[in-house]
Protein chains: 2
Amino acid sequence: MQIQKLKKGIVGFSLALLGMTSVGAADIIHDAQFNVLQRQHGETWKAEDQEVDRKLAEIRKQNGDKRPNIVYILVDDLSYGQMGSRKMNHVMGVNTENINKFATEGLALERMYTEPSCTPTRAAMMTGRHPIRSGSSEVKVTLVGEGLSKDEVTIAEILSQSGYNTSHIGKWHQGDIEESYPHNQGFDFAAFPVHQQVQLALMTKEAAQANNLFGWDPTIQSNDFVIDDTFRPNGMVTGLEAHKGATAKEVEMPAGHQWSQADYHEMNVRYQAQAIEQLQQLSKSDKPFYLQYWPLYPLNFVHDQTPNKSLNGGFMAEKLQLLDTWFGEFLQEMETLGIAENTIVILMADNGLMYHYGGPSGLSQLIYRGGKTDFLEGGIRTDAYIRWPTAIEANTAAGDIFHVSDLFTTLATIGQATDYIPRDRVIDGINQTPLLLKGEFSGRRDYVYVYQGDRLAAVVKDEFKMHMPVPGMPGAAAPVYNVYRDPREENPHIGMALWSGASFQDMIKRHLMTIEKYPHLPLGKGVPYSGIDNLRPETKKLIDDFISWH
Amino acid sequence: MQIQKLKKGIVGFSLALLGMTSVGAADIIHDAQFNVLQRQHGETWKAEDQEVDRKLAEIRKQNGDKRPNIVYILVDDLSYGQMGSRKMNHVMGVNTENINKFATEGLALERMYTEPSCTPTRAAMMTGRHPIRSGSSEVKVTLVGEGLSKDEVTIAEILSQSGYNTSHIGKWHQGDIEESYPHNQGFDFAAFPVHQQVQLALMTKEAAQANNLFGWDPTIQSNDFVIDDTFRPNGMVTGLEAHKGATAKEVEMPAGHQWSQADYHEMNVRYQAQAIEQLQQLSKSDKPFYLQYWPLYPLNFVHDQTPNKSLNGGFMAEKLQLLDTWFGEFLQEMETLGIAENTIVILMADNGLMYHYGGPSGLSQLIYRGGKTDFLEGGIRTDAYIRWPTAIEANTAAGDIFHVSDLFTTLATIGQATDYIPRDRVIDGINQTPLLLKGEFSGRRDYVYVYQGDRLAAVVKDEFKMHMPVPGMPGAAAPVYNVYRDPREENPHIGMALWSGASFQDMIKRHLMTIEKYPHLPLGKGVPYSGIDNLRPETKKLIDDFISWH
């Protein structure tokens, strides 16, 4: 981790007017928009922070001066309502009874916003920053020679510095260069695939036979016109394992082996087992731990309904139900280990449904419109539940706005790691510890800047959401939606929301001025698959093809 | 009540082949489609029925040989998810905490089908029959000179015959002729408006000023071209009260008074008070009671947010929240009276959302598409919760298919009134008592015929739903939807569901043959507002205008 010195640009007018000064106990630099709130509530919040600090100190004291363990389970591609609701289970014909029960054991964050895709959401949580600030706003599918920069500071790094043991199991999807790997971003141990499910679950013969992948697999059709083999990638790196600072090793993947659905399933089973193993090992230490378990399921594209069989039967719905079983086993292991009481467990999805396979997958858009890749609520609203029996009241829910980046600052606060949060860059994540401890209406966020890739696509404030005007159109033509009254964003208000137009524009100006003062940092660049010991011959060929100027 | 002798038509081929024989202990005539199930499960169900009978007898014995009281609360125009779910509360920005709690105290019937509009759903529940069989499939808005026939046999009549005290409070909407009024259809006491909310909540100056009613109110616009005063009705009968067999009296409505939003609110307040008064009175008797409370709210078209103020603020959303408060008070009164344990309380909506006022009303389509008047799931799927602490397990849910007409037969069974169910006509309602007592997967219905007015618009079987083919198109072109995988019915399967086409057609044939054997009965006809003592002068004029040939 290096903290890059930033050249401070000269901003066109005084940012002091916006109150862009240090905020909170930790002098963390937030977006100017937050300072607007800070100026209105700063005094109240300061007192509240002291109350929260006392409460946290009390909890530590009750637990032999040990800070709570933290487990962060991030599920891939599920829309709001698909986890944790018996009613929605009946709509879908699936049974997620373990998740439903878990959802009543703590605080349900019913207005959790993510980014619209995997890489950006995960980057936002890892860094506490909008992914655009770290160049992580795009999803990468095959080799890219890019990834999360070593100059970004992750939640794992700061918790590690403050004395936590840290492990990552499962999906990572932050790049294919050495500096981006989890064991180089603060994790003591990591088991993860370099890529994501396009490679691992779609690029198989079985997915092609299931009609879910066209053109890639040669066993389905003649490729006689093909003269460029490299357009259809083969031989990508699969699962890696590594310890902090060391080089990585590809596991369970013999040279020459063609990856299949069975391998994908086996990888899922392995990560589940490793997540439980990590629980067992980490719980033995005197130090608290931070464990990330990011499953690959429910993303799946082939019917292999063993051992589950839901009423729905869709190839993703089945895996959602399987994941529920696994989640139940994971929680049970925490009980067995006696660590459930003082461990924070967060369960949420990284973005909306991968609705591009709606219908046969068994999962479809429910309440909100859209899904993965969309700036609509269906793309960026997910179920999110947080349990911490020692401190969070069971069976509560909060409609306060929460952004996934807030977890960074909130967990840093609870883990006493805020001193390690860098002060040379914008941290979008807001400390929402008061919301966790005091419940609904104690939130400190009433806005979200919604990016779709690099484009600012919408702005949320209270129950209102402005979709950014089509380029060339005046701001007054921008549609504004009321998400309570029109959750599917189908009936735009222009006239009826005209009072809000200038206010939304002010929010955008503040955000842009913040960017001007604290420019975005570059994405890490390098050689794909650097830092891996045992590359297969087919992988080496793939790298050669990728770097074709050699 | 008269049971009309039906002329039995000669059916084109033998119905004996369809097994259209007596079914169940009570020899009730069901649709031939049910007999298909009966032939497959008759033996099992017979044994189960004996078990259920023993259980019911045991419960009666525990309660001093008293059968349970029954409260049936039917709410107007809400779609699935709008009552009883904290998660959906957060989506909508409303708080229905009392309903949410109630939803966990018994069995949630998560696949309750109604008819798509008020009158037909209420007729189906009252008679246990598809409303087309009684001519009640259309909604009436102003004077019609029609209504539920005296020859129909209602749940109130049969429970009354078997020894229940019966009361009806609130919306009735079964016609404007004397024989159709609730006190002539089995209720000992009734307080009800003749019409519905188009008259009571929309045809006011306030609703016109709120831009929710065009052209009716002369204070908003010039009607200088109007030469026919009667096209815009005025002076309709409002709230009536009556005892069984007596004539009715209009209440709280002085001659010459112009109905307003304040009157509408006052009427709602009055029905809430009367529902509670009925609870108090009925609970004093040694006889069990059947109390219907059918509120008019949340239908509402004017902002008058006192005393509630939801986060949503829409003019219907507000009243949903108010209704929740009232429901809480009603339940509390049951506790106070000490009758909660052995009283069955059913809470449900009569059909989907009145989405024609979506947006400003604060209520919008959520999971399912469409609303009131639609044959889509959004029109005919509603939240339904049933609590009976003595017999129904708390915090359970069932995904079994249930049709509102099943309540007729089920409540008749529990109330020991099946002997009074007529045997000369089709009863669509299936006895679902086993489902209530034994829980999910004990349902006896796997199909629904979905009518939209007089048109058979769709057929549901298991998770499949066929939309009837467009006239002139072959059956093989009919789209079939999987409601688990595609709850919004947006992605029709034709090819992938071809195996089911003939099966669906067979279901339709069975249904039509049933109708041929047991033809529909006629709707009651008569003079509008017959049987009312104190008609106002303006009402008498309205009747004269209506019957213009006099």
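Note that these values count all heavy atoms, side chains included, but never hydrogens, waters or copies made by symmetry. We name chains A, B, ... by the order of the sequence lines, and we start the count at 1 in each one.
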Is the shortest side-chain heavy-atom distance between A:R488 and B:R488 below 4.5 Å? yes
Exceeds 12 heavy-atom contacts within 6.0 angstrom, atom CD of A:E393: no
Can you check whether A:I367 reaches B:M88 side chain to side chain, under 4.5 Å on heavy atoms? yes
If you count heavy-atom pairs under 4.5 Å between each of A:N482, A:N395, A:D462 and chain B, which one has the most? A:N395
Is it the backbone or the side chain of B:D400 that comes under 4.5 Å from a heavy atom of chain A, or both, or neither? neither
Please classify the contact between B:M496 and chain A as side chain, backbone, both or neither, with a heavy-atom cut-off of under 4.5 Å. neither
Can you list the residues that meet the side chain to side chain donor-acceptor pair (under 3.5 Å) rule with B:Q209, with sequence neighbours excluded? none
Highest number of heavy-atom pairs under 4.5 Å with chain A: which of B:G81, B:A103, B:G359? B:G359
Give, as side chain, backbone, both or neither, the part of A:Y80 having an atom under 4.5 angstrom from any heavy atom of chain B. side chain
Interface moiety of A:E377 toward chain B, non-hydrogen atoms closer than 4.5 Å: neither
At a 4.5 Å cut-off on heavy atoms, which part of B:Y368 comes close to chain A: side chain, backbone, both, or neither? side chain
In terms of heavy-atom pairs under 4.5 Å, which option from A:N312, A:V94, A:N89 contacts chain B the most? A:N312
Is the backbone of A:G93 close enough, under 3.5 Å, to the side chain of B:R485 for a donor and an acceptor to pair up by distance? no
Count the heavy atoms belonging to other residues, nucleotides or ligands that lie under 6.0 Å from NZ of B:K461, then report whether that count exceeds 12. yes
Just give me the residue among A:S310, A:G313, A:A108 that pairs up with chain B most often, heavy atom to heavy atom, under 4.5 Å. A:G313
Chain B heavy atoms under 4.5 Å from A:D486: which part of the residue, side chain, backbone, both or neither? backbone
What part of A:N95 is in contact with chain B, defined as an atom under 4.5 angstrom from a non-hydrogen atom: side chain, backbone, both or neither? neither
Among residues at least two apart in sequence or on other chains, which ones pass side chain to side chain donor-acceptor pair (under 3.5 Å) with B:D350? B:R122
Go through the atoms of A:R111 and report whether side chain, backbone, both or neither lie under 4.5 Å from a heavy atom of chain B. neither
When heavy-atom pairs shorter than 4.5 Å are enumerated against chain B, which of A:E110, A:E463, A:H493 gives the highest number? A:E110
Side chain / backbone / both / neither for B:T396 at chain A, heavy atoms under 4.5 Å: backbone
Of the backbone (N, CA, C, O) and the side chain (C-beta and beyond), which part of A:V483 lies under 4.5 Å from a heavy atom of chain B, both, or neither? backbone
Quick one: does A:H90's side chain get under 4.5 Å of B:E440's, heavy atoms only? yes
What I'd like to find out is whether the side chain of B:Y484 reaches to under 4.5 Å of the side chain of A:V91, using heavy atoms alone. no
Looking at CZ of A:R86 and NZ of B:K87, how far apart are the two atoms once the value is rounded to the nearest 0.5 Å? 14.0 Å
Counting only non-hydrogen atoms closer than 4.5 Å, does B:A397 touch chain A with its backbone (N, CA, C, O), its side chain (CB onward), both, or neither? both
